[in-house]
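Below is one structure; the comments refer to it alone.
A note on names: the letters A, B, ... follow the listed sequences, proteins ahead of strands, and every chain is numbered from 1.
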Amino acid sequence: MLQTTYIRENSALILERYKKRSFDGEAIINQILKLDDDRKSTQQKLDNQLAEGNKLAKEIGQLFKEGKQEEANQIKEQTKALKESGALLKDEQNKIAEELKALLYQLPNVPNEIVPTGKSEDDNETIFEEGEIPVLNEGALPHWELAKKYDLIDFELGVKVTGAGFPIYKGKGARLQRALISFFLDQAGEDGYEEVIPPLMVNEASAYGTGQLPDKEGQMYYMPADDLYMIPTAEVPITNIYRDVILKENDFPIKNTGYTPCFRREAGSYGSDVRGLNRLHQFDKVEIVQIEHPNKSYATLDVMVEHVKGLLNKLELPYRVLKLCGGDLSFASALTFDLEVYSTAQEKWLEVSSVSNFETFQANRLKCRYKDENGKTQLVHTLNGSALALPRIMAALLENNQTAEGIKIPKALVPYTGFDTID
RNA sequence: GGAGAUGUGGCAGAGUGGUCGAAUGCGGCAGUCUUGAAAACUGUUGUACCGCAGGGUACCGGGGGUUCGAAUCCCUCCAUCUCCGCCA
């Protein structure tokens with residue numbers, strides 16, 4: 001959520017930058033500025049009335065004390081009118097505040113200067129590529145076939161127990177999954193991220209804090225009996241640790257990592273996109289989160305991308321880094337880099353990580369602030385990235401490393417799996 | 001899940017429905033003293049919004065209500081503690 005003062009002072013810049021997203025915010029912004037004026041003036045009126053009421057109440061108290069009942073009762077009469085008009089103003093004020101909030105929720109974050117203009121993923125810029133795309137033998141299999149052949153993942157069994165999109169990992173498949181989780185967490189630990197194990201369900205306030213609500217509620221599983229949401233990413237519980245917190249300047253940078261399963265309803269997805277591990281309702285992910293000083297957040301974003309690149313290098317997977325264009329940028333992000341691995345048997349790139357700087361967009365909702373050198377409270381910058389999302393990594397590992405003798409495990413993982421070949 | 005108790009500023013802890021944004025102590029900050037530090041003493045010390053300013057308004061777990069007036073009374077939700085029940 002953008003701050004109204006920021007909107008007021010930078011509306012021209014914001015509108016210009018919104019073009020990168022093909023988002024026309026002019027009408028909304030104008031309305032916000034108008035409503036904000038209304039808010040101020042009704043607030044002023046309301047404050048005056050309240051001040052008047054407070055004054056009279058004190059007088060009444062004084063008069064009662066002096067035993068002047070008559071006069072006190074006279075003044076009481078005056079307060080009636082004040083009370084009524086005060087209530088009206090209060091209603092009006094609430095209405096304005098609600099409308100204002102609803103409008104603010106409609107404004108996406110302002111893309112960074114370097115975000116390419118574009119409408120869809122076709123306009124993303126590839127800024128880095130690494131690794132050879134392996135040439136597979138005749139008869140190479142996609143990962144869902146490999147999963148069946150080596151009995152690593154049972155999709156049908158998951159359907160029986162829960163439903164589509166909830167696979168059951170078995171044997172070496174389960175072991176490989178656990179190995180990846182440990183490997184990613186250890187790597188993050190080495191890079192100075194403190195590990196946390198957060199709740200897998202969050203309350204409404206947290207879902208608002210990171211921006212899943214109000215507009216993306218259809219993507220989360222909701223437990224009405226307890227009014228809780230299953231987390232779609234560890235970003236939600238981890239970032240919300242810092243909701244309503246005022247940090248000191250030397251607290252920066254705050255670095256957390258956490259492994260969680262993620263739950264996504266993915267309503268409306270179908271076809272080859274959801275084949276095998278490509279898109280699941282429940283999947284594992286290790287997330288990295290940083291809370292950073294506004295001056296340093298972009299340098300930190302680059303460092304986070306480097307961290308994820310390091311993981312992919314160690315897994316010896318061919319990958320590329322994309323700078324997302326405005327149209328593909330998520331609602332809350334100012335700049336996002338996606339990392340994709342190549343799935344050789346499917347012959348396509350799979351997104352395995354998304355690293356974003358949200359600047360103050362989340363912090364404003366979270367009320368996560370710090371005291372600057374002048375003692376003034378300022379919003380922090382929040383960043384996060386997947387490091388990494390497991391299923392597509394698993395898919396690429398299985399497909400790219402398949403040989404006549406079986407599936408080869410990258411060296412870096414062998415200490416975690418305890419085996420170097422799946423056969 | 002049942003019964004009871006509690007929820008006040010960074011912490012501890014007062015607070016008969018009116019002069020309470022809130023005593024006091026600790027902590028923090030600034031200063032005096034000191035070669036320096038400690039101690040002592042003095043002052044200061046919550047947040048947000050509106051206003052050029054004087055100043056005003058709101059906030060005592062959250063929300064609602066009673067009242068001319070609520071930290072104080074009522075309702076409700078949440079959290080914590082104690083006891084009981086259940087349980088990995």
Side-chain angles (χ1 to χ4, degrees), chain A residues 1-9 32-104 197-209 213-214 222-229 237 240-251 254 261 360 362-380:
Chain A
M1 188 163 67
L2 299 177
Q3 299 172 93
T4 28
T5 46
Y6 178 80
I7 296 172
R8 190 173 288 285
E9 286 160 17
I32 285 172
L33 294 180
K34 185 192 160 296
L35 274 174
D36 192 43
D37 287 337
D38 292 351
R39 183 186 63 80
K40 284 183 191 174
S41 64
T42 49
Q43 183 71 55
Q44 195 62 257
K45 281 185 219 154
L46 181 59
D47 281 358
N48 289 339
Q49 296 230 335
L50 289 171
E52 180 68 16
N54 287 343
K55 210 178 98 207
L56 291 177
K58 275 183 188 167
E59 279 177 34
I60 291 169
Q62 192 57 38
L63 289 170
F64 270 127
K65 199 164 274 182
E66 292 166 8
K68 298 176 181 169
Q69 302 278 341
E70 288 287 310
E71 291 175 47
N73 285 329
Q74 274 179 11
I75 299 180
K76 265 198 198 181
E77 288 300 314
Q78 291 181 39
T79 62
K80 276 190 184 150
L82 264 180
K83 246 187 139 177
E84 279 171 30
S85 59
L88 286 177
L89 275 172
K90 180 91 183 148
D91 285 347
E92 193 182 338
Q93 183 73 343
N94 287 342
K95 212 178 114 224
I96 291 170
E98 233 167 83
E99 283 175 33
L100 192 55
K101 204 168 202 181
L103 286 170
L104 285 168
I197 301 180
L200 304 184
M201 299 184 203
V202 294
N203 58 29
E204 197 176 58
S206 292
Y208 270 100
L213 293 180
Y222 174 57
M223 326 286 279
D226 299 284
D227 203 16
L228 295 172
Y229 296 86
N240 270 283
I241 292 172
Y242 305 98
R243 174 154 49 84
D244 292 323
V245 164
I246 297 181
L247 300 163
K248 294 193 274 301
E249 229 170 316
N250 58 12
D251 289 332
I254 287 175
T360 60
Q362 282 184 335
N364 189 30
R365 286 200 195 183
L366 290 163
K367 295 217 164 45
C368 180
R369 294 161 294 175
Y370 71 100
K371 275 207 194 300
D372 68 13
E373 64 271 19
N374 302 318
K376 222 173 147 358
T377 45
Q378 310 275 8
L379 293 172
V380 302

Original post:
Between B:A70 atom P and A:Lys58 atom NZ, what is the distance in whole Å?
Top reply: 12 Å

Subject >> Euclidean distance, A:Thr42 OG1 relative to A:Lys90 NZ, rounded to 0.5 Å >> reply: 10.5 Å

Subject >> Separation of the C1' atoms in B:U6 and B:A14, to the nearest angstrom >> reply: 16 Å

**OP:** Locate the shortest heavy-atom distance separating A:Tyr222 from A:Leu228; write the atom from each residue and the value.
**Re:** CD1-O, 3.3 Å

Original post:
In whole Å, what separates the C1' atom of B:A3 from that of B:G10?
Top reply: 35 Å

**OP:** Rounded to the nearest angstrom, tell me the gap between atom CD in A:Gln93 and atom C1' in B:C50.
**Re:** 10 Å

Original post:
Is any side-chain N of the basic residue among A:Asp37 and A:Arg8 closer than 4.0 Å to the acidic one's carboxylate O?
Top reply: yes

**OP:** Send over the distance from A:Ile246 CD1 to B:U45 P, rounded to a whole Å.
**Re:** 18 Å

Original post:
If we take the C1' atom in both B:A22 and B:G4, what is their distance in whole Å?
Top reply: 30 Å

Subject >> Assigned partner base of B:A23, Watson-Crick or wobble definition, under 3.5 Å >> reply: none

**OP:** Have a look at A:Gln93 and tell me which of A:Glu98, A:Lys45, A:Arg39, A:Gln43 forms a side-chain hydrogen bond (donor to acceptor under 3.5 Å, both in side chains) with it.
**Re:** A:Gln43

Original post:
If pairing requires Watson-Crick or G-U wobble contacts with both distances under 3.5 Å, which nucleotide is the partner of B:C29?
Top reply: B:G43

Original post:
Of all the nucleotides listed (B:G56, B:C68, B:A58), which has the minimum atom distance to the side chain of A:Asp47?
Top reply: B:G56

Original post:
Is any NZ, NE, NH1 or NH2 atom of the basic residue among A:Lys34 and A:Asp38 found under 4.0 Å from an Asp or Glu carboxylate oxygen of the other?
Top reply: yes

**OP:** Using only side-chain N and O atoms of A:Arg369, determine if any of them is under 4.0 Å from OP1 or OP2 of B:U47.
**Re:** no

**OP:** Tell me, yes or no, whether the heavy-atom count around A:Leu33 atom CG, taken from other residues, nucleotides or ligands under 6.0 Å, exceeds 12.
**Re:** yes

Original post:
For A:Asn94 and A:Arg39, take the nucleotide of RNA chain B holding the closest heavy atom to each; which residue's nucleotide lies nearer the 5' end?
Top reply: A:Arg39

Original post:
Could you state the CG-C1' distance from A:Asp38 to B:C49, rounded to the nearest angstrom?
Top reply: 16 Å

Original post:
Considering every strand shown, what is the Watson-Crick or G-U wobble mate of B:U35 when both distances are under 3.5 Å?
Top reply: none

Original post:
Base, sugar-phosphate, or nothing: which does A:Ile60 touch, judged by heavy atoms less than 4.0 Å apart?
Top reply: base

Subject >> B:G9 - base-pair partner by Watson-Crick or wobble geometry, distances under 3.5 Å >> reply: none

Original post:
Does a nitrogen or oxygen in the side chain of A:Asn48 sit under 4.0 Å from OP1 or OP2 of B:C50?
Top reply: no

Subject >> Out of B:G18, B:C50, B:A48, whichever nucleotide has its closest atom nearest the side chain of A:Thr377 >> reply: B:A48

**OP:** Please tell me which of A:Gly53 and A:Gly61 maps to the more 5' nucleotide of RNA chain B, matching each residue to the nucleotide holding its nearest heavy atom.
**Re:** A:Gly61

**OP:** Using a 4.0 Å heavy-atom cut-off across all strands, classify A:Lys371 as base, sugar-phosphate, or nothing.
**Re:** sugar-phosphate

**OP:** Just compare B:G18, B:G51, B:A58 and give me whichever is closest to any side-chain atom of A:Gln44.
**Re:** B:G51

**OP:** Write down the distance between CG (A:Leu50) and P (B:A70), rounded to a whole number of angstrom.
**Re:** 10 Å

Subject >> Between B:G61 and B:G7 - P atom distance, rounded Å >> reply: 8 Å

Original post:
For B:G1, which nucleotide in any strand shown is its Watson-Crick or wobble partner with both distances under 3.5 Å?
Top reply: B:C84

Subject >> Separation between CG of A:Leu35 and CG of A:Leu104, rounded to the nearest 0.5 Å >> reply: 9.0 Å

Subject >> B:A5 and B:C59, which share atom name P, separated by this distance in whole Å >> reply: 27 Å

Original post:
Whom does B:G18 pair with, Watson-Crick or G-U wobble, provided both distances fall under 3.5 Å?
Top reply: B:C68

Original post:
Between A:Leu89 (CG) and B:A58 (P), how many Å, whole number?
Top reply: 14 Å

**OP:** In whole angstrom, give me the gap between the P atoms of B:A71 and B:G64.
**Re:** 14 Å

Original post:
Given the P atoms of B:G25 and B:U45, what is the spacing between them in whole Å?
Top reply: 15 Å

**OP:** Find the distance A:Asp36:CG to B:C50:C1' and express it as a whole number of Å.
**Re:** 11 Å

Subject >> Whole-Å P distance, B:G56 and B:C20 >> reply: 15 Å

Original post:
Yes or no on side chain to side chain contact (heavy atoms under 4.5 Å, CB included) for A:Tyr229 and A:Leu213, after CA distance, side-chain angles and deciding distance?
Top reply: CA-CA 10 Å; A:Tyr229 296 86; A:Leu213 293 180; 3.8 Å; yes

**OP:** Identify which nucleotide among B:U57, B:U47, B:C50 has an atom closest to any side-chain atom of A:Ala51, counting heavy atoms from C-beta outward.
**Re:** B:U57

**OP:** Write down the distance between CG (A:Leu46) and P (B:A58), rounded to a whole number of angstrom.
**Re:** 9 Å

Subject >> Base partner of B:A53, which must satisfy Watson-Crick or wobble distances under 3.5 Å >> reply: none

Original post:
Between B:G18, B:C50, B:G56, which nucleotide has the shortest distance from any of its atoms to the side chain of A:Ala57?
Top reply: B:G18

